[in-house]
Amino acid sequence: MPVSAAAPQPDYLTRLNPEQREAVEALDGPLLVLAGAGTGKTRVLTTRFAHLIMTQRAFPGQVLSVTFTNKAAREMRERVAAIIQRPVEGLWLGTFHALCARMLRRHAELVGLTSAFTILDTDDQMRLLKQVMDAAGIDAKRWPAPGLMAQVQRWKDRGITPARVTPAEDTDYAGGRARALYAAYQERLKDLNCADFGDLMLHMVEILRDHPEVLADWHRRFRYILVDEYQDTNLVQYLWLRLLAQGHRNICCVGDDDQSIYSWRGAEIENILRFEKDFPNAKVVRLESNYRSTRPILAAASGLIAHNSGRLGKTLRAGRNDADGEKVRVVALWDSEEEARMVGERIEAAQRSGHPLAEIAILVRAGFQTRAFEERLITLGVPYRVVGGLKFYERAEIRDAMAYLRVLAQPSDDLAFERIVNTPKRGLGDTALRKMHEIARAERIPLALAAGKLVQGGGLAGKARMALSELLHGFARWREQLGREGHVVTAATLLDESGYTEMWKQDKSPEAPGRLENLKEFVRALGEFESLNGFLEHVALVMENDENSQGDRLSLMTLHAAKGLEFDMVFLPGWEEGLFPHSRAMEEGGEKGLEEERRLAYVGLTRARKQAIVSCAANRRMYGNWSSSIPSRFLDELPIEHIQREGSAGMARNRVVDMPSVFTGASGLTARKPRSIESAAWEVQARPARSSALRVGDRVFHQKFGYGRVTGVEENRVDVAFEKSDPKRVLDSFLELVS
DNA sequence: CTTGCGTATCTTTTT
DNA sequence: GATACGCAAG
């Protein structure tokens, strides 16, 4: 029931299509918005927020808006600000973790922390867990720490505290000691006044569950809840939302079950499938008008995803007037190198006809695939960026600098102290550290304090003692300076006086200058925050990688990283059984794993606005050796009328003899699955055979020498003037004609 | 504490 | 094939 039915229509509403509008205007009660790819889900979310404010249903501070990534949160914040045209301070808009951290700081004492608790990153978590396992006398070889870490995280994802672990769930690891180790780890976190990422959610759920008065308080505050990417929520996030939504039942979740691709990190697609059961009388709105892609791309993606069972069901319709377009190309190639070449050539061609590189992307299943393309792009001189490489905050120098600041802000931060005590090298190795630990454990004091006692007690050799003493005095001095001159100047002083910058200046490796640059950037970033603590909180939660994103560059990334993005032209290489769908995914996840892979393919296809080029190679170098593979079953699942199959010239001309049966249509022994091989076996569209193909003036490509132009032909020997190499006479069969 | 060698492993990744 | 890690020697 539209609230403002009688009133003149606000123009932010008139810009919506009917289904979007329905989703925006259904303000009361639970609402699930099933938003297919490219159907304007962010628009619905932000407009709904604005509508809540405009209709005076709530003040901005009474709406809780949850996203998964900081990027999504930022985007939403900006768009909300643009619509409501007033400052957006005091908003409860952020990631699950950021919001939980904010809430937890108010109730930390209820779980044995103080409001100044530190948020640990994965590295710290692992080290802490190793210490706990060590103390418990676990044989680290028989029971590797990452295994337990994963188990602990899975428990936390499901909202399971040590007390809630059932004996049945505690048999796999270290002979049934996982639960005890988990408990010890949690104790240790509490001692250190730390929380890991999982704890942020876990603690808040525990608090809301056990303290009705606290819960009631939050109910009073949040009248409306908006959730983005609901299909990616894990159980503990679901519990948190359900607890908070109990108050007013005004929860609106937006998501797409067909784009659930994160089960391996705890996301439960069941959350979205179950929504109507969880929230009785829930309204469901489907957004099916796609404004992004052409009709053939939508048809191909829809045909593919239709092979999944257990969907809520949606059909994407082309919503654009200009939705006609080229069919999806499916290109079969001889090997991964040829695949890289094919992609490179098409990119060059697109570039020549004026397409910006920023509108082109190569989306791969696994990280290692990027390398072949990178090499190719470098030879061609095409600028590119790899999305999702090492992030700024993950770099060693940034983590070290962070650790210094953490010790400065919180001397009891043992993990940070341990990280920097011997970085740069101060001659404080295992022995010195062990002694500090002994004192710390005996007296139940932080490492830094124990270090002070160790210096005074004289239980350390002269040189090591001097070094440690100097470091501790340094911290006393910097802490004093922090109060006087502020965090930015102090950080710079600290990094210099501790010898940390000097360490990188001495370093002769090629990365060292870049690292020093990063440190400068780090200090600069520090200036954007009012206080040291504000900065630390930010960095602990936010992980951004802004560099080399400028300029017109091609994007190279994994399918996972591509979710939420869109490009005019998308290359989807490596559609081969074993790689995509990935064999591991199927081994571990069975049919469900396969369906998630299929969703990943769906995500990939729906990134494309105008053109999608899918490819597979018959041979691929994996782990050093060549292995042959058969085309992905997903290729068979693309509706034939919306795709166009192509073979490569290289294959047709020279290599028919070596071609695996599947490529020629003969029945093959290579097929592992009992499925129709015929459909996968298309004929390679051979170009007209040209025995002595090349002519003077042809542009050709040579694997080793790159591009060139034919200057002379003598039977099967060809003279070529190469662009990046000296002129040579080479055999015809090593050349490829480039159109 | 650092260095070198042998061995095991090789999907996806945010907070 | 490359890297990362653990272990033993220097």
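So you know, we letter chains A, B, ... as the sequences are listed, proteins then strands, and number each from 1.
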For L99(A), report the nucleic acid contact type (base, sugar-phosphate, nothing); a contact means any heavy atom under 4.0 Å.
nothing
Report which part of the nucleic acid D232(A) touches: base, sugar-phosphate, or nothing (heavy-atom distance under 4.0 Å, all strands).
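The answer is nothing, as D232(A) stays clear of every strand by at least 4.0 Å.
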Whole-Å distance between [N] [atom2] and [X] [atom1]?
X       : N       : atom1 : atom2 : answer
D228(A) : dT15(B) : CG    : C1'   : 15 Å
M103(A) : dT15(B) : CE    : P     : 19 Å
W240(A) : dT15(B) : CH2   : C1'   : 13 Å
N422(A) : dC1(B)  : CG    : C1'   : 9 Å

Does anyone know the first and last nucleotide of DNA chain C in reach of chain A, 5' to 3', at under 4.0 angstrom to a heavy atom?
dG1(C) to dC7(C)
Not counting sequence neighbours, which residues clear side chain to side chain contact (heavy atoms under 4.5 Å, CB included) with A416(A)? List them please.
A403(A), R406(A), V407(A), D413(A)
Indicate yes or no: does R620(A) engage E339(A) in a salt bridge with an N to O separation below 4.0 Å.
yes
Applying ring pair (Phe, Tyr, Trp, His ring centres under 6.0 Å), can you list everything that pairs with W155(A), at least two apart in sequence or on another chain?
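Only Y182(A) meet the ring pair (Phe, Tyr, Trp, His ring centres under 6.0 Å) criterion with W155(A).
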For [X], salt bridge (charged side-chain N to carboxylate O under 4.0 Å, His left out) partners two or more places apart:
X       : value
R265(A) : none
E591(A) : none
K130(A) : none
E75(A)  : none

Output every pair passing side-chain hydrogen bond (donor to acceptor under 3.5 Å, both in side chains) with a member in residues 458-469 of chain A, not counting sequence neighbours, ordered by first then second residue.
S469(A)-H473(A)
For the P atoms, the ones on dT12(B) and on dC5(C), what distance do you get once it is rounded to whole angstrom?
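Roughly 16 Å separates the two P atoms.
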Could you go through nucleotides 6-12 of chain B and list every protein N or O atom that sits under 3.5 Å from one of its N or O atoms, giving the distance for each pair?
residue : atom : partner : partner atom : Å
dT11(B) : OP1  : R584(A) : NH1          : 2.6
dT11(B) : OP2  : Y623(A) : OH           : 2.8
dT11(B) : O4'  : H582(A) : NE2          : 3.4
dT12(B) : OP1  : G367(A) : N            : 2.4
dT12(B) : O4'  : R365(A) : NH2          : 3.3
dT12(B) : O2   : W264(A) : NE1          : 3.1
dT12(B) : O2   : R365(A) : NH2          : 2.9

